[in-house]
Amino acid sequence: MYISRLALDHYRSWSQVVVDFVPGVNILVGRNGLGKTNLVEAVEVLSTGTSHRVSSTLPLIERGQPTATIRANVMDGRADGNAAGDADDRATEQATTYEASIHARGANRARVNSGSSVYLRDIVGSIPSVAFTPEDQRLVSGDPASRRGFLNQAAALLEPDYMATLQQLTRIGRQRAALLKQLGAAANTGQPMDAALSGLEIWTGQFIETGVALTRMRNRVVDRLAGPFSAIYADLAGGGEPVRLTYAPSFDEVLLYGDDPHPHISEHFQRIYPGEVARGVNLIGPQRDDLELTLSGCPAREFASNGEMWTMALALKMALFRVVRETLAINPIVILDDVFAQLDDHRRTQILEFAGRQDQVLITTASLGDVPALPSREKAHVIDVGALAGVRDGNVAGASGIGTASSSTDAGADAAFAEAMAAVVRARQRRSEERS
Ligand SMILES: Nc1ncnc2c1ncn2[C@@H]1O[C@H](COP(=O)(O)OP(=O)(O)OP(=O)(O)O)[C@@H](O)[C@H]1O
């Protein structure tokens with residue numbers, strides 16, 4: 001599977017842009033701030049319904065505009081190790097057009113092949129992608145919201161009804177919180193509370209029902225990721241201290257009481273009722289979930305070094321890539337945002353080697369000088385983002401000699417990629433140490 005054309009209207013810095021991609025390696029090059037990350041982020045949004053950079057979709061819309069549109073032509077190319085494919089193969093491929101519209105007001109919508117309008121969540125997961133980005137370290141060191149963001153993206157790819165359940169829960173949670181506030185105000189003013197109380201009972205029942213469903217989905221996803229995560233980390237760190245990924249659900253009754261956690265959660269809600277009314281918020285529920293990452297049994301956030309946290313974040317992303325590839329039997333589109341800077345040529349070559357084996361890889365870099373020129377049969381497709389943005393950009397000079405080698409095995413390329421990405425991790429760590 002690969003995207004042959006991406007067209008954006010009023011998406012972040014892009015009022016209008018059309019980009020043609022090829023199967024295999026695409027390198028988006030341009031100076032800082034030109035909008036390279038915005039282009040690959042649009043692919044991430046179409047794929048998972050969310051961006052790792054924001055908690056809502058509002059910042060994705062160009063400032064002052066009501067709507068952003070992302071359109072992609074997706075070809076159903078096969079994952080056969082020859083990512084670039086032959087001209088004959090491509091002639092028989094099926095193209096599907098996905099369109100997402102992100103609205104400042106109202107629900108985000110989508111259309112497939114110009115068909116009828118559906119919710120964006122209905123097409124989420126159709127174009128699997130995994131992004132490796134400079135923000136990945138926050139997965140370990142950041143607050144629980146960044147880990148929930150990762151979990152949401154992973155589950156959106158692996159659990160068919162996930163996004164619908166998540167949105168339903170968010171809506172129910174909002175209604176329930178509004179009632180809690182109403183009850184708090186009524187308690188302070190001595191107004192009657194009967195109607196609000198019976199409303200709360202109904203919304204609490206729905207919140208538990210939907211929250212349990214979501215918790216179970218998240219639990220399945222974490223179960224699938226946990227094994228590969230520990231194994232990939234051990235490979236990257238050359239053994240060392242063992243790491244573990246576990247799910248820390250707010251509704252921990254789901255893990256404790258198996259088939260019938262509902263009455264236990266209901267009791268829990270009764271116990272915290274005064275606190276919820278006093279604060280006017282839902283004090284328990286999946287909006288408070290977290291992922292627990294431990295190093296030798298201790299919380300990584302508190303005990304791991306910067307380098308270990310980066311490596312754990314990389315292992316998480318690689319685990320997701322592996323699980324998506326194995327579960328869906330599709331090579332996810334790989335996004336490598338700003339991974340080349342400060343790497344030596346050997347590491348850069350390892351990344352390109354891996355990239356050349358995927359159906360499609362989208363790489364952003366500020367300078368083409370960072371991308372090694374290799375003798376090979378497959379040429380990377382270089383996209384001059386400055387030209388797309390209508391500005392002259394000296395960073396693109398020398399584009400013609402770039403290619404990807406493809407001599408080793410798939411497993412060898414995966415391992416070399418992991419090794420090269422670990423070097424990216426170290427370079428980022430050095431940069432953040434220099435800054436602080
Ligand atoms: N909602 C928005 N409306 C308009 N412009 C936006 C919006 N959100 C971000 N931008 C602009 O997009 C630009 C950043 O784009 P992006 O992050 O894609 O740059 P980049 O080319 O990847 O840069 P770097 O190489 O530094 O990572 C900034 O100039 C920012 O002001």
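These numbers come from a predicted model, not from an experiment. Note that ligands are numbered from 1 as they come in the structure, with each ligand's atoms numbered from 1 the same way.
In summary, the atoms of ligand 1 found under 4.0 Å from a heavy atom of Gly35, numbered by their order in the structure, are 15 (O), 16 (P), 18 (O), 19 (O), 20 (P), 21 (O). Residue Arg12 approaches ligand 1 through these ligand atoms, each under 4.0 Å from one of its heavy atoms: 1 (N), 2 (C), 3 (N), 4 (C), 5 (N), 6 (C), 7 (C), 8 (N), 9 (C).
Here the heavy atom of the protein found nearest to atom 15 (O) of ligand 1 is Asn38 ND2, 3.1 Å. Looking at atom 26 (O) of ligand 1, its nearest protein heavy atom turns out to be Asn32 ND2, 3.2 Å. Nearest protein heavy-atom contact of atom 27 (O) of ligand 1 is Thr37 OG1, 3.8 Å. Counting protein heavy atoms only, atom 31 (O) of ligand 1 is closest to Arg63 NH2, 3.6 Å. The protein heavy atom nearest to atom 13 (C) of ligand 1 is Gly33 O, 3.7 Å. The shortest contact between atom 11 (C) of ligand 1 and any protein heavy atom is with Ser13 CB, 3.8 Å.
Residues satisfying the side chain to side chain contact (heavy atoms under 4.5 Å, CB included) criterion with Arg322, sequence neighbours excluded, are Ile232, Glu326.
Geometrically, ligand 1 and Pro59 share a nitrogen or oxygen pair separated by less than 3.5 Å. Residue contacts with ligand 1: Glu62 is placed with no nitrogen or oxygen under 3.5 Å of a nitrogen or oxygen of the ligand (distance criterion only).
The protein reaches atom 2 (C) of ligand 1 closely, with a heavy atom under 4.0 angstrom from it.
The shortest non-hydrogen separation linking Ile61 to Ala104 is CD1-N, 3.3 Å. Heavy-atom minimum distance, Arg176 versus Thr204: NE-OG1, 2.9 Å.
Contact annotation for Arg53 and ligand 1: only side-chain heavy atoms (C-beta onward) come within less than 4.0 Å of the ligand. Contact annotation for Ile61 and ligand 1: only backbone heavy atoms (N, CA, C, O) come within less than 4.0 Å of the ligand.
Listed for the Ser250 side chain is no donor-acceptor partner under 3.5 Å among the backbone atoms of Ile284. The closest donor-acceptor contact from the side chain of Arg71 to the backbone of Leu6 lies at 3.5 Å or more, if one exists at all.
Taking the centre of each ring, Phe417 and Phe321 stay at or above the 6.0 Å mark.
Electrostatic pairing of Arg12 and Glu62 does not count as a salt bridge here, judged by no charged N lying under 4.0 Å from a carboxylate O.
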*asked:* As a quick check of understanding, evaluate side-chain contact (heavy atoms from CB on, under 4.5 Å) for Ile383 and His381, giving each step before the final call.
replied: CA-CA 6 Å; Ile383 297 158; His381 177 49; 3.7 Å; yes
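Residue contacts with ligand 1 do not include Thr364, since none of its heavy atoms lies under 4.0 Å from the ligand. Distances from ligand 1 to the non-hydrogen atoms of Gly30 include no value under 4.0 Å. Within the structure, the closest approach of Ala366 to ligand 1 does not fall below 4.0 Å when heavy atoms are considered.
Both tests hold for Arg121 against Tyr119: distance to the six-membered ring centre under 6.0 Å, angle to the ring axis within 45°.
Few gaps surround CZ on Arg216; more than 12 heavy atoms of other groups in view lie less than 6.0 Å from it.
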